[in-house]
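Heads up: the structure comes next, in structure tokens.
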Amino acid sequence: MKQNLWINGESVETETYRPLFNPFNGEKIADVAEAGKKDVRKAIDSAAGAVRAMAEMDAHKRSDILRRVAEFIQEDREECARLIAEESSKPLKIARGEVDRTIMTYTFASEEARRIHGETIPMDAAPGGEGRVAYTVREPLGVIAAITPFNFPMNLVAHKVGPAIAAGNTVVLKPASQTPLSAYKIASYFHRAGLPAGALNVVTGSGKSVGDVLISDDRVKMVTFTGSPEVGKHIRENAGLKRVTLELGSNSALIVDEGTDFNKVMPRIVTGAFSNQGQVCISIQRIFVHESIADKFVSTFVEEAGKLKVGNPLDEQTDLAAMISANDVARAKTWVQDAVENGAELVYGGESDKQILKPTVLLNAQLTDKVSCEEVFAPVVHINTFIEFDDALAQVNDSQFGLQAGVYTKDLQKAFKAAKILHVGGVMINDIPTFRVDHMPYGGVKLSGNGREGIKYALEEMTELKLVSIKLD
Ligand code: NAP
């Protein structure tokens with residue numbers, strides 16, 4: 001299969017194509033277009049050319065297009081899940097979950113498209129403001145560059161394209177090189193749904209060369225990026241006055257307080273640590289468990305981890321499959337080994353078979369070990385103990401990241417304290433940090449980024465607030 005670029009409502013050939021391989025079995029899936037700088041500029045031309053048509057499109061029409069996209073995905077649910085599983089090695093049952101969430105995200109975008117509005121401003125609240133009627137409106141920004149990662153190739157595209165189109169913007173989408181096919185598929189649905197040519201363009205190719213053109217072009221008004229902190233920083237430093245939203249990584253933590261009935265929630269905790277091979281930005285990486293329940297917690301955790309079925313992502317039973325690259329497997333193993341050398345105890349996993357890294361559990365890692373303080377982005381978790389709840393909160397906060405945190409406790413005072421003290425974008429009480437539904441505000445602090453997604457919140461970032469003041473006399 002040859003995958004061309006998608007520009008101005010058409011499949012566009014380019015000079016260079018790169019083979020795309022299935023990370024699990026190494027088989028070639030497609031030859032994918034590598035956009036040159038000229039192609040990227042052409043995509044921006046096309047997005048700029050569609051700005052007016054999108055800005056003038058009625059809200060109900062934008063809403064209908066998004067609803068139809070959701071319907072098309074629903075009809076092709078199985079095909080979409082297989083595509084995700086093939087290009088990203090996400091186990092099929094988890095890929096189906098991603099497709100369902102993608103449908104939800106476009107459905108929310110369709111609904112929010114009808115609800116974009118400003119407010120009236122009581123101008124006479126200030127001396128000198130009397131005799132005026134004033135109101136605000138939310139206007140689209142114009143061309144938005146959306147850059148997305150490999151780990152949720154459909155739903156994270158939806159979190160950018162959905163609100164951008166809902167607000168009447170146009171988009172140049174640059175998906176991750178390992179997972180371009182899901183993005184092209186979505187573009188075909190928008191085309192079928194009646195989106196004007198040029199309103200959504202997809203360009204694939206090296207992140208740096210495509211990214212640099214997008215980031216430096218003045219016609220691009222916003223860059224919305226999900227990916228690693230390194231690339232996020234590069235974008236922030238080079239985007240000039242463009243609006244920039246960054247959804248970056250984390251080393252998410254879970255606190256399990258004394259008195260927690262963890263048997264009931266253990267399957268959920270283990271899923272939060274290992275789902276999608278730990279390649280989830282809110283994957284559980286650090287667990288702080290109260291000393292009084294630690295031994296039982298660890299043995300139950302390891303027992304539950306042992307039930308995970310490791311193997312082919314297309315097998316219905318598989319829970320955990322290949323990581324995205326051999327380099328990432330090697331990196332994670334080195335970090336595990338370093339932690340062990342620094343005194344951590346490896347109680348489960350640690351071995352790999354080709355690109356599959358077994359679920360790996362460490363005890364008592366140092367907070368300065370890379371498996372703790374960096375984003376491991378692999379099926380690796382460490383469990384440490386605490387005695388004082390305040391110390392556990394301090395350890396969670398002792399991080400360069402701050403995306404989400406989870407706290408299991410039966411004590412209401414501690415729950416409120418955690419909600420107040422934890423320096424993260426979202427605190428999940430009696431749940432795992434990995435919890436997300438697609439309309440909630442979602443984003444991080446510190447190195448986890450800035451700005452919020454969750455359709456309504458992304459819409460605020462993707463629109464300009466304009467004030468209209470009418471003097472009455
Ligand atoms: P990545 O390497 O940063 O890549 C993300 C995207 O940026 C890809 O499309 C990549 O293209 C592109 N890119 C690379 N270099 C670039 C540059 N210089 N300028 C512009 N774009 C560039 O991240 P990843 O490995 O795909 O994804 C994993 C990271 O994403 C983790 O850190 C994870 O925590 C984070 N993440 C965050 C969230 C969130 O919502 N906070 C959600 C999911 C993932 P190529 O693929 O061509 O290199």
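In listed order, ligands and their atoms are each counted from 1.
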- Does G207, backbone or side chain, put an N or O under 3.5 Å from an N or O of ligand 1? yes
- Would you mind running through ligand 1 and noting each atom that sits below 4.0 Å from a heavy atom of G249? 32 (O), 34 (O)
- Task: Give the residue, atom name and distance (to 0.1 Å) of the protein heavy atom nearest atom 28 (C) of ligand 1.
- Result: F377 CE2, 3.4 Å
- Could you tell me if any non-hydrogen atom of F152 lies under 4.0 Å from any atom of ligand 1? no
- Message: Heavy-atom distances under 4.0 Å decide this one: backbone, side chain, both or neither, for T226 against ligand 1?
- Response: both
- Crowding at NZ, K417 (>12 non-hydrogen neighbours, <6.0 Å): no
- Query: In ligand 1, which numbered atoms sit nearer than 4.0 Å to a non-hydrogen atom of N151?
  - Reply: 43 (C), 44 (C)
- Message: Can you confirm whether the side chains of S372 and D369 place a donor and an acceptor under 3.5 Å from each other?
- Response: no
- Going by the order shown, which atoms of ligand 1 are within less than 4.0 Å of some heavy atom of S177? 45 (P), 46 (O), 47 (O)
- Measure from atom 4 (O) of ligand 1 to the protein's non-hydrogen atoms and state whether any distance is below 4.0 Å. no
- Which of the atoms in ligand 1, numbered in the order shown and given with their element, are less than 4.0 Å from a heavy-atom of L403? 41 (N)
- Under 4.0 Å from ligand 1, counting heavy atoms only, is it the side chain of T148, its backbone, both or neither? backbone
- Note on the structure: Among E375, H234, K208, closest by heavy atom to atom 32 (O) of ligand 1 is E375
- Message: Counting non-hydrogen protein atoms only, what is the nearest one to atom 11 (O) of ligand 1? Give residue, atom name and distance.
- Response: K174 NZ, 3.0 Å
- How about H423 and D398: does a side-chain donor come under 3.5 Å of a side-chain acceptor? no
- Query: Considering only heavy atoms of G205, which atoms of ligand 1 have at least one such atom less than 4.0 Å away?
  - Reply: 47 (O)
- Query: Are any of the N/O atoms in Q178 less than 3.5 Å from those in ligand 1?
  - Reply: no
- Task: Write out all pairs satisfying salt bridge (charged side-chain N to carboxylate O under 4.0 Å, His left out) with one or both partners inside residues 141-150, taking only residues at least two apart or from two chains.
- Result: none
- cation_pi(R192, F72) dist<6.0 Å, angle<=45: yes
- Shortest non-hydrogen contact from A167 toward R62: C-NE, 3.9 Å
- Message: Starting from atom 41 (N) of ligand 1, what is the nearest protein heavy atom, named by residue and atom, and what distance separates them?
- Response: L248 O, 2.7 Å
- Quick note on ligand 1: atoms under 4.0 Å from a heavy atom of L156 include exactly 42 (C), 43 (C)
- Using a 4.0 Å heavy-atom threshold (strictly under), name the region of P175 that reaches ligand 1: side chain, backbone, both or neither. backbone
- Count the heavy atoms belonging to other residues, nucleotides or ligands that lie under 6.0 Å from NZ of K233, then report whether that count exceeds 12. no
- Going by the order shown, which atoms of ligand 1 are within less than 4.0 Å of some heavy atom of I147? 6 (C), 7 (O), 9 (O), 12 (C), 20 (C), 21 (N)
- Query: Please state which protein non-hydrogen atom is closest to atom 39 (C) of ligand 1 and give its distance, to 0.1 Å?
  - Reply: C281 SG, 3.4 Å
- Message: I'd like to know whether CZ of F416 has more than 12 heavy-atom contacts from other residues, nucleotides or ligands below 6.0 angstrom.
- Response: no
- When you measure from atom 23 (O) of ligand 1 to every protein heavy atom, which one gives the shortest distance, and what is it? S228 N, 3.5 Å
- Message: Ring of Y17, cation from K2 - is the NZ or CZ under 6.0 Å from the centre and inside 45° of the axis?
- Response: yes
- Measure the acute angle between the ring planes of H191 and W6, then classify it against the limits of 30° and 60° as parallel, tilted or perpendicular. perpendicular
- E247: salt bridge (Lys or Arg N to Asp or Glu O under 4.0 Å) partners, not counting sequence neighbours: none
- Message: Using ring centroids (six-membered ring only for Trp), state whether F297 and F262 fall under 6.0 Å.
- Response: yes
